[in-house]
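Remarks on the structure that follows.
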Number of protein chains: 2
Amino acid sequence: MDRCEVVGSLLIMVLMSADAEPRPLRERGNLARRSASWTIAHATETGAEPAGAQSIQRALVLLNLVAVLARDRPGGVSLSELTRVSERPKASVRRVLLALVQAGYVEQDPETSRYRLGLQAAVLGELASQGADRLGAVSTDSLIRLSDVSSDTAFLTVRHGSYAVCARRQEGPGPIRNYALAVGDRHPLGVGAGSLALLSALPDDEVAAVLSATAAARAQYPRFDDETLHRLVRRSRKAGYALNDGLFIAGSWAVGVVVRDADDRPVAALSVATIAERLGRQRREELVEVLQREAETMHTALTRRTQP
Amino acid sequence: MDRCEVVGSLLIMVLMSADAEPRPLRERGNLARRSASWTIAHATETGAEPAGAQSIQRALVLLNLVAVLARDRPGGVSLSELTRVSERPKASVRRVLLALVQAGYVEQDPETSRYRLGLQAAVLGELASQGADRLGAVSTDSLIRLSDVSSDTAFLTVRHGSYAVCARRQEGPGPIRNYALAVGDRHPLGVGAGSLALLSALPDDEVAAVLSATAAARAQYPRFDDETLHRLVRRSRKAGYALNDGLFIAGSWAVGVVVRDADDRPVAALSVATIAERLGRQRREELVEVLQREAETMHTALTRRTQP
DNA sequence: GATCTCTGGTCCACATTATGGACCGTTGCG
DNA sequence: CGCAACGGTCCATAATGTGGACCAGAGATC
């Protein structure tokens with residue numbers, strides 16, 4: 001019933017919650033345990049415009065929920081869990097799920113009657129990362145090489161407004177796994193290595209704008225106050241790479257560098273995460289060198305693709 | 001205004017159209033030119049149950065449309081084109097698009113104001129192909145190897161009801177490109193190499209069931225009558241692989257083999273497509289050998305993953 | 001420069017649409 | 001045998017999405 005314990009990673013999903021107000025997180029014993037309902041509450045910076053398509057919003061939120069929850073439960077998510085987590089009546093959840101199933105975005109295991117992402121979701125993702133200058137196609141090889149040479153976990157982080165989203169993740173061959181960041185997780189810019197690399201690449205005025213935009217959301221990240229972030233940005237700019245030295249989760253370190261698109265705008269970041277012990281000065285510099293090489297590879301790939 | 005000509009591939013998308021009746025395709029000059037509106041009309045075998053979530057259905061259809069159309073237009077799709085193709089009032093389309101944009105599944109180019117798939121779509125796909133025994137993760141390496149050694153285009157096709165959907169596609173390094181099949185395209189089982197491999201792997205009664213289920217839809221595929229398909233199935237079973245010798249698009253040939261999951265059920269197919277000249281008996285057999293090896297690799301990967 | 005037409009985008013009275021509390025049948029537990 | 005939790009369904013209510021009409025701007029064409 002509950003090996004579902006989120007392994008110590010904070011699930012923070014790119015969800016625009018139906019309700020806007022960032023509900024005051026009620027700690028529940030274990031500090032690392034935050035229910036996915038909190039995840040939902042984590043609204044976007046777009047101040048919840050009450051556009052005229054709320055059922056669609058709700059449907060997509062539910063789709064995201066299925067995605068995130070099924071990530072940690074190989075068997076799929078149960079209806080009751082979805083209703084609990086989404087905090088909506090069961091009938092509504094089921095109705096929406098039916099629609100998603102019918103469209104192929106979600107599939108329901110005929111035996112266990114649990115829900116998980118369907119074929120159409122995979123197809124959509126394939127199409128999303130395929131087109132032209134999309135990062136997906138360009139990043140694959142780099143991520144594989146990075147995780148290979150480092151034996152650690154490599155990430156592709158992209159910017160989304162004032163936030164950074166983990167878009168891809170590649171496990172290395174080594175035995176050490178890092179569960180601090182999973183695909184879909186979202187944090188304010190500056191929180192995490194890739195995220196910090198992105199923030200540091202912005203001009204000063206944008207940094208300030210981002211910091212004020214995420215000020216409220218950063219209540220959840222007590223270690224990342226404005227001053228700390230400013231300091232981190234300065235350090236990253238000076239060093240040419242971003243270092244996450246365990247501020248987010250103690251002992252979980254990472255280094256990241258920014259990736260620029262054809263117009264030299266920072267659009268993504270490559271990072272490698274591991275445990276503190278494996279990021280001594282020496283190894284760190286080796287890793288940064290590889291990271292920068294791969295970032296450059298991606299940059300030229302992006303440039304080449306958008307030329308013609 | 002119209003370099004948008006679909007390059008000669010038939011777009012057939014996995015869409016459950018809002019309206020059910022498979023509208024009588026009006027040929028319009030060029031025989032290979034079928035407007036995407038036809039694409040939509042191509043309803044699923046699920047006979048359009050009028051479930052209580054029509055706005056969601058419509059939204060997802062529109063999302064699919066953005067995906068398919070943006071595939072051929074690197075810049076994105078214009079609002080007017082979406083309204084034309086979806087055959088709904090502009091206001092409605094726009095309202096839904098706004099919702100999709102707000103949710104991050106679609107993004108709008110601030111300069112050209114065209115729409116294309118957004119970040120969330122990529123994240124969703126990543127999560128969809130990531131989990132446990134998902135084919136996405138397992139197929140990547142095989143597809144890359146296949147396209148590498150063949151210098152042609154490699155495909156992963158999965159079964160969806162009585163249809164086959166192209167789930168992934170990997171271009172080879174060679175100069176020859178095959179546009180007969182793109183990610184998201186859907187054809188009745190039996191039409192195409194991978195699709196035929198899947199069909200041939202089914203027991204006789206299921207083959208019969210599939211054929212009768214797709215009988216109506218196959219009106220669009222005049223070359224693939226029941227008798228022909230039965231013959232093709234027999235040939236494929238005897239040979240151990242499926243051969244598409246240009247029946248679908250003249251000169252476009254392909255070979256495919258089936259991939260079985262942990263329970264030995266046929267769930268997908270690997271195939272390589274190229275031009276007729278590059279599929280002589282000799283080369284064909286070499287390719288089949290490689291295909292079978294990769295299918296076996298995927299099978300063991302799928303088995304291993306679902307054991308614990 | 002007046003006109004025509006093609007964009008993308010917005011408005012709002014209307015009725016089609018989604019909503020969710022109550023309910024049912026099963027399963028598993030003490 | 002109850003009790004609780006599960007997946008799933010029903011249907012009166014009102015909230016929700018709908019889409020024809022409209023506006024402004026950008027090229028063409030004369």
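Numbered from 1 within each chain, the chains take letters A, B, ... in sequence-line order.
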note: A/R114, atom CZ; D/dA5, atom C1'; distance rounded to Å ~ 13 Å
B/L62 CG to D/dT18 C1', in whole Å, measures 15 Å
Sequence neighbours excluded, the answer for side-chain contact (heavy atoms from CB on, under 4.5 Å) partners of A/D205 is A/P203
Sequence neighbours excluded, the answer for side-chain contact (heavy atoms from CB on, under 4.5 Å) partners of A/A201 is A/V258, A/R260, A/P266
| field | A/G161 backbone acceptor or donor facing A/R159 side chain under 3.5 Å | value | yes
Quick one: do A/R265 and A/E206 make a salt bridge, cutoff under 4.0 Å?
no
To the nearest angstrom, the CZ-P distance between A/R94 and D/dT9 comes to 5 Å
Contacts of A/A121 meeting side-chain contact (heavy atoms from CB on, under 4.5 Å) (sequence neighbours excluded), chain-then-number -> A/Y105, A/L117, B/L124, B/A128
A/L97 CG to D/dG7 C1', in whole Å, measures 11 Å
note: A/L98, atom CG; D/dG7, atom P; distance rounded to Å ~ 13 Å
The side-chain contact (heavy atoms from CB on, under 4.5 Å) partners of B/R114 (sequence neighbours excluded) come to B/S78, B/T112
A/Q57 CD to C/dA18 P, in whole Å, measures 15 Å
### Query
Is any side-chain N or O of B/S113 closer than 4.0 Å to OP1 or OP2 of C/dT7?
no
To the nearest angstrom, the CD-P distance between A/Q54 and D/dA14 comes to 18 Å
Protein-nucleic acid N or O pairs under 3.5 Å, nucleotides 20-30 of chain C:
{"from": "C/dG20", "atom 1": "OP2", "to": "A/R88", "atom 2": "NH1", "distance (Å)": "3.4"}
{"from": "C/dG20", "atom 1": "OP2", "to": "A/S92", "atom 2": "OG", "distance (Å)": "3.3"}
{"from": "C/dG20", "atom 1": "N7", "to": "A/R95", "atom 2": "NH2", "distance (Å)": "3.3"}

Rounded to 10°, the angle between the first-five-pair and last-five-pair axes of the helix from C/dG1-D/dC30 to C/dG30-D/dC1 is 30°
Rounded to whole Å, the CD-P distance (B/Q108 to C/dT7) equals 16 Å
It should be established whether A/S80 places a side-chain nitrogen or oxygen under 4.0 Å from OP1 or OP2 of nucleotide D/dG7. yes
Contacts of A/R116 meeting salt bridge (Lys or Arg N to Asp or Glu O under 4.0 Å) (sequence neighbours excluded), chain-then-number -> A/E107, A/D109
Whichever of A/I56 and A/L79 has the more 5' nearest nucleotide on DNA chain D, that residue is A/L79
Sorted by chain and residue number, the side-chain hydrogen bond (donor to acceptor under 3.5 Å, both in side chains) partners of B/S55 (sequence neighbours excluded) come out as A/S55
On DNA chain C, more 5' by nearest nucleotide between B/S78 and A/S55 is B/S78
The side-chain hydrogen bond (donor to acceptor under 3.5 Å, both in side chains) partners of A/Y115 (sequence neighbours excluded) come to A/R94, A/Q108
